[in-house]
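Take a look at the structure below.
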Amino acid sequence: MSQVQEIKGFLVLPVRLEPTVVQQKLKYNNEGAIYHYIYLKKHSVKRDLKSMEKDDERSLFIANLPINTDLKTIKLFFGMIATGAIVEKFEQNDFNTFDIDINLTKLTSEMNEKTEVSNSDYSYIPFGCGIVTFLDKNGLNLALQSIKKLIKKGNDNLPIWEFNKELTGLEYLKKKILSQEYLDENELSEKVAKDMHNFNLKEQQSL
Amino acid sequence: PNTKRQKQQLSAQDVQVARETAELFKSNIFKLQIDELIKELKLKDSHVSLIEKVLHRLYDVIQQIPEIKDLSLEHVETYLKNSKVSVPFPDPKPTKLNYQFSYLKPEEVSLVGSFGLKTGITTPKGVTVDIALTMPKSIFQQKDYLNYRCLYKRSFYLSYLCEHLHSLSKKNHLPIKISYEYVNGDVLCPALKIVSVDTQNEDDLIFAKTKSSIRLIVGFPFGIFDTKKLLPDRNCIRVQTSDDSKNLPPTPLYNSSILSSTSYEYYLKYLYTTKKTTEAFKDASILGKLWLQQRGFSSSFADGGFGHFEFAILMSALLQGGGVNGNKILLHGFSSYQLFKATIKYLATQDLSEEGYLSFNSLIVETNGAFYKKNGFNVPTIFDKNTKINILWKMTKSSYEILKKYASESLLLLNDVVRDRFESIFLENISSDLFKYDLVIKCPLNQFLENENFGPLEKISFLTFENYIKNKVYVVLRKALGDRVKQISVNLEKNDNIFSVSRRKPNSNLETNSLVVGLYLNPLECEKLITKGPNNDDQEACLKFKSFWGQRASLRKFKDGVIQLCCLWESSFEQPIIVEIIKYIFKLHLCNNEKDIDVKTSVNELQKFLPQPLLPASSKQSILSLHSYQSLNASYESLTKLLMNLELPLKIRSFSPISPALRYTSLLQPVPFAYSNPDFYNEVILQFESSTKWPDELIALEKTKTAFLLKINELLNNETNYKSNLTTFNKIQFNDSATSLTILTPEGYGFKIRILTERDEILYLRAIENSTERQKQILKKVYLEFVRNYMGAIKHHRTFQTLSHHYVFYSASVRLFKKWLDSQLLLVHFSDELIELIAIKVFVDPAPYSVPSSVESGFLRILQFLSRWNWKEDALILDLVKGKIDPEEDEDQMTNKLSDRLTIQSYQLINSNFEKLRQQDPSGSKLQFFIGSKDDYSGILWSNEHSLPLSVRLTALSRAAINILKQNGLNSETIKLLFTPALNDYDFIINLKLPFKLDSSSGILPQNSFKNLIQLTSFPEEIISDPLSKLLEELNKYFKDSIIFSSSKFTGLNPSGDENIISGLFYPGITTGTKKFKVNLGFNLKPSNEEDKVEFNKEAVITEIFRLGGDLIQGMNFKP
């Protein structure tokens, strides 16, 4: 196993992946532990917005996350390795793999607006990465300390990455299909009505 | 009005000038290509001089042969008793004769054939040098043309020559091997075939390296027999019959064979004279020879009986005249291109069999000595008045039909002013049975033997049983199949013309040989259910019809009240009606209705791979039946009608379907309630009447569209028996707000509706305009995705809906092609549109073949095209219009069709787009398949997102498939192999199994089941199509930058109905070696031993794949 603890300013934390039942049954890779590596760094973006600065002091940027990572898995993970570091939110880009941000609203609108449109309250996150924001600065520091300790201790004490147990196989795929194939009409109606209302407002303002 | 007329005249003139310019330009290019080609085909000078040396020595050897006189048959037998040489007497072998045999020095030894005319060309089989030895006059008597006499004399002459050549050649240092060969397959005319033998002796003259062989043909002196007695309608073999001998049938083959044997040297001189007067004659002959050779034609019986010699004689005759008034068809000053083209045109447009024939006189070279005469002899005829020979005597009606067809097709190509057709005309070999016919049928010969009445009269007319049965089969099929077929070829699988000199004739292979019947079908007629006969009141005709069709003939009353005799056939999903008819009629006419004739065809095996729909009586549906598609279409029509009448804030202007099933190209036929079919939902684009109220911002516009869809959704669910709901539409990157409306119709079909407005395109273009340089590249792709999913899809659909109707075998062929792609796990990688464009190539631009008229020819030619398409260097430019231009159509019709076609300007524009593209991407690593058409001048619309390895694999697999077929033929084993996935090249294979079957719920008839037991009648509560395709989507989402995943799109089509595989191929550039650490590398990384560098974490990725697949994974195998 590699001894690398840091790479270009990122902490390198190996986590153990547990083979699935099928994988064990098929005796694939039974010999040793399987490691996945996540790369972590304090999140800092040079922005002059005050709200952002506040976030910066308590968020962690993580690259090379295992698949299917969501708030639940992140909470579970930090709950395990750093008790007391409470995760407030988790943001990621689960949509496209281009390493460039494109906002079609901004690019096609001819309204001279200064305020940003919804859902871009974070800077662009590359695919497979995420930003974890802790409840407070202490939480972040606690998490970082625990991680550094784990890295130093090495092999035997490395944590197991708990995948979301439901997110596997047939049930998971079915859920995925259904969520895409059946949009909740009421929810959608409300959202569309709200968005269109906002759009009209903005349009009137810009005139 | 005056000016208008002037304008019209002017434009007509302009068109004419433009055409001529194009034609001239083309003929110039053509000329350069021809010059280049002829240079390449020229025999090597060193080889020619070596052959000449050999010929001189051979001549010397022949001169040394001692003469022998007046041997009786018994003497001959004793003379040759101790020799290894037999006399190649033709059948029947002589028993008692009252005349003598002699060998006297040949009257003349001369170089004839193409080598003599210096029009020989290099071929893969090598060159044959023909030498004619003329037997001296004194050997013959006036009546020797009768009853094989001269032929027996020649047989002896030949064996004596052979015997002495054998010993003398060795002494003269010309080591050779001699065998007998029937000249052009004529069993009456054996000759000596001489090939070089390699020795270690330096003095020996060895010519093996020239790959050539020498054929010593023994001829009779010119004019020795009374030619009138040997006219094609005369009898020259008197056989004992109970009837008066005057009623003996004519013996045209026998007569022509004898006359031809008198004329080898004569015709060489005739052609030589023409060559002297016409500069380009030599080159044109070479072109003709090559053109024929590529189409499998030669002077030999088995190759249609029309080769270099016949082509050259035809050109000579046409230089003398050939028109109805004797007007010259060819002029001496013509270029080789003009000579060739005009000769092809003559072959294509003048009927030399039924309507008329060409009569010429080989004595008169200069004056108008050739006429096209009305009323043919019902056999192909070019008649030489001087020699009384029908130059086409070795042709049959069957081979003539096919020659004419090739000529017509090549004429179209020669007239094409838009693109270069040189390759299709001269360079592509299309003689393989596998690809040229629509349907091939094989019948072992032996089964005809017992039942056929091949008596003495048949024997003198046809000479061999093979000729007789070939003719009979042709006649029966012509009559039985009528306009269901265009041309019929009947041939033998094996043609043995060469045999050992120790034998009298080749071993009979009647027991092992087969008849090969090749059919060119008429797509509009071949599957019709009824063979119509005469009206009931025409008694004589009825009697004839009944005697031909036997019990199958029955009376039917038609809608218009007419009562007619007809035969009714039964269509079936696996077997074309044609095959049913052939089996029936063969049994009736070739087997006295006693037993079934073994008719082998692979079409059934191939058609089996088309999925049979789970519909009542689907096994009785013809492969051409579009019934299931029409039901879907009806449901679509009523849905759109209903939607049109809904009360909406804007009026609906149009619906544009974009779904394969609505253009007859979906792999699975649409079946009601078949929700597991991946193509179950038929996408439709809805457009409203134009409005200024659409938001001027893309995402807001999508929201507004969603509002409209929500309104429709509400109306449908509340007021109709349709069910609907909204779904996400995420095929356009960065636009995550688009939605579709999913509709289930009461008939059991599914539709997905999206909205297109007049603002969309403007906004996508605006995004490009407003973007930074870095964003621009990506936004251009986004724009292309938009075009692809809306306007592009609409145009494509409209075009292909029309084309599927016009080319009746396109639908089934493209569906089988999709099936093949899916079997090879490739279908998931290519869009339906791209596949359909590739497949239409062989239909809209079939050259050098004709339009495929069976699933077999359609499918095989698509594969062949794909295997040959060098997409790095060649764009595929398609003229997506119906039908080809028929040279016999009148001007108006032709102009009409021309106006739809790609002009030379558009063609060149598309081509220059391709060239620009390849300048930036010469190896085609970014874009492989460039397909331009009137719908897409850019050529990149449907070909944009495939990675190089997949395109390379597609080409490689099609090549492998074609090679298998070429080596082993088309049979059930090879067909099975074609549809078995080649898995060895993948890095790993995941075996997957669902806990439920998807076959019947996909609308596929499950294997080995009684379809009556299964019927789809309703939808489940929640429609979940195929979870495995979602798994593939998920795998691609996470790992597509490091692994190429392939899978079969249709789990239900796999034999078990619940199993599938996903294969994985690691991108070598990513999964090997190390990279500098970056957070956005796009693959799972682990630290490497090098500083600041990372590498691919394969173990973790595999574990994640197991995680995603979960309980569905049955096994995973890695490449050893």
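Every chain is numbered from 1, with letters handed out A, B, ... down the list of sequences.
Heavy atoms closer than 4.5 Å to chain B are found in the side chain of A:K191, but not in its backbone. Only the side chain of B:K1076 comes within less than 4.5 Å of a heavy atom in chain A; its backbone stays farther off. Heavy atoms closer than 4.5 Å to chain B are found in the side chain of A:Y39, but not in its backbone. For chain A, no part of B:E769 is nearby; none of its heavy atoms comes within less than 4.5 Å. Residue contact with chain B, scored on non-hydrogen atoms closer than 4.5 Å, involves the backbone and the side chain of A:I177 alike. Heavy atoms of B:E1034 lying under 4.5 Å from chain A belong exclusively to its side chain.
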Evaluate A:L107 against B:R766 for side-chain contact (heavy atoms from CB on, under 4.5 Å), listing each step before the verdict. CA-CA 7 Å; A:L107 286 168; B:R766 185 187 287 167; over 6 Å; no
Chi angles and distances behind the side-chain hydrogen bond (donor to acceptor under 3.5 Å, both in side chains) call for A:Q23, B:T1103: CA-CA 8 Å; A:Q23 199 173 357; B:T1103 304; 3.2 Å; yes
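Under the 4.5 Å side-chain criterion, counting only non-hydrogen atoms from C-beta, B:K1086 is not in contact with A:Y35. Between A:F199 and B:T704 the shortest side-chain heavy-atom distance does not fall below 4.5 Å. Between A:L183 and B:N725 there is no side-chain heavy-atom pair separated by less than 4.5 Å. Proximity of A:T108 to B:N770: side-chain heavy atoms (C-beta onward) are nowhere separated by under 4.5 Å. The closest side-chain heavy-atom distance from A:Y172 to B:K1030 is not below 4.5 Å.
A salt bridge links B:K752 with A:E181: at least one charged nitrogen is closer than 4.0 Å to a carboxylate oxygen. Of the charged side-chain nitrogens involved, at least one lies within less than 4.0 Å of a carboxylate oxygen, so that A:D195 and B:K703 count as a salt-bridged pair.
The greatest number of non-hydrogen atom pairs below 4.5 Å with chain B, out of A:V12, A:L188, A:N200, A:N198, is found for A:L188.
Counting only N and O atoms by type, the side chains of B:N1097 and A:H36 include no donor and acceptor under 3.5 Å apart.
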